[in-house]
Amino acid sequence: MTSLRQDAWTQDEDLLLAEVVLRYIREGGTQLQAFEDVGRRLSRTAAACGFRWNSYVRKQYKDAIELAKKQRKEKKKEAAVHMERKDTATAEIAAAKELTLDEVIVFLQRYRQSVNDFQHAIDENRALKKDMEQLQQTITRLQVEKEWLEKELKMVQEDYKALIGIMERARKMVVFEEDEQAKKVKFQMERNGNLEKIEK
């Protein structure tokens with residue numbers, strides 16, 4: 001009989017412990033079974049494996065434990081659905097033994113109709129995919145056009161700003177010239193009281 005180890009746990013042993021316990025949780029086994037399995041592999045007692053799991057390893061795998069529990073629930077649901085289908089199929093087979101010819105004909109007609117409906121759904125799906133691809137191409141084309149129009153608009157706005165700037169400078173120059181001319185002209189009063197312009 002091999003002697004049981006009592007040395008420190010290595011990182012690889014912790015990893016093995018975590019993998020085995022998570023697998024047992026996923027598959028619906030108990031943690032005690034997992035500890036016994038790991039104990040046999042590592043020549044340790046199940047109690048030592050349980051203590052290591054609860055004191056150290058479990059804390060590092062909280063998310064993985066939750067995920068394993070969810071997967072266990074899903075497996076149970078799938079198993080229940082599978083059993084239900086199996087029971088239904090068994091009942092249908094038992095009932096089929098007592099079917100009349102008319103019932104078989106009705107069943108085959110319904111089956112043919114369901115096949116036709118399925119084919120129609122496939123054809124409709126293909127048509128919708130084709131329409132979706134065309135719409136995607138249209139969206140891409142419109143995005144390209146939009147980007148081009150935005151660039152054109154930006155250029156027009158820049159040209160407009162430049163034109164406004166030129167017009168503003170021209171207006172200021174005209175006002176300046178008028179002021180200069182106004183400074184050159186002088187007025188004097190005539191004897192009869194009218195103003196008379198005098199050039200400098």
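It should be emphasised that the depicted structure is a prediction, and the values quoted were computed from it without experimental measurement.
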Worksheet entry | Where at least one partner belongs to residues 107-127, residue pairs that pass salt bridge (Lys or Arg N to Asp or Glu O under 4.0 Å), sequence neighbours excluded | Asp123-Arg126

Worksheet item: Is the closest side-chain heavy-atom distance between Val115 and Gln119 below 4.5 Å?
Response: no

Discussion item. Measuring only between side-chain heavy atoms, which start at C-beta, is Leu17 closer than 4.5 Å to Arg58?
Written reply: no

Worksheet item: Just wondering, are more than 12 heavy atoms of other shown residues or ligands nearer than 6.0 Å to CD in Gln11?
Response: no

Discussion item. Contact between Trp53 and Gln31 at the side-chain level, heavy atoms closer than 4.5 Å - yes or no?
Written reply: yes

Worksheet item: If you group Ile, Leu, Val, Met, Phe, Trp and Tyr whenever their side-chain heavy atoms sit less than 4.5 Å apart, what else falls in with Leu163?
Response: Met167

Discussion item. Any heavy-atom pair between the side chains of Val21 and Tyr61 that's under 4.5 Å?
Written reply: no

Practice prompt. Search all heavy atoms of Leu16 against all heavy atoms of Val38 and return the closest pair with its distance.
Written response: O-CG2, 4.5 Å

Worksheet item: Taking only residues two or more places apart in sequence, or in another chain, which ones meet Glu158 in a side chain to side chain donor-acceptor pair (under 3.5 Å)?
Response: none

Discussion item. Show the nearest heavy-atom pair for residues Glu36 and Ala46, with the distance to one decimal.
Written reply: CG-CB, 3.8 Å

Worksheet, complete the sentence: Between Ala68 and Ile25 the two heavy atoms that sit nearest each other are CB-CG2, 3.7 Å

Worksheet entry | Check: Asp131 main-chain N/O paired with Gln134 side-chain donor or acceptor under 3.5 Å | no

Worksheet item: So, Asn54 side chain and Gly50 main chain: donor-acceptor pair closer than 3.5 Å or not?
Response: yes

Discussion item. Within the 4.5 Å heavy-atom criterion, are Glu19 and Arg23 side-chain neighbours or not?
Written reply: no

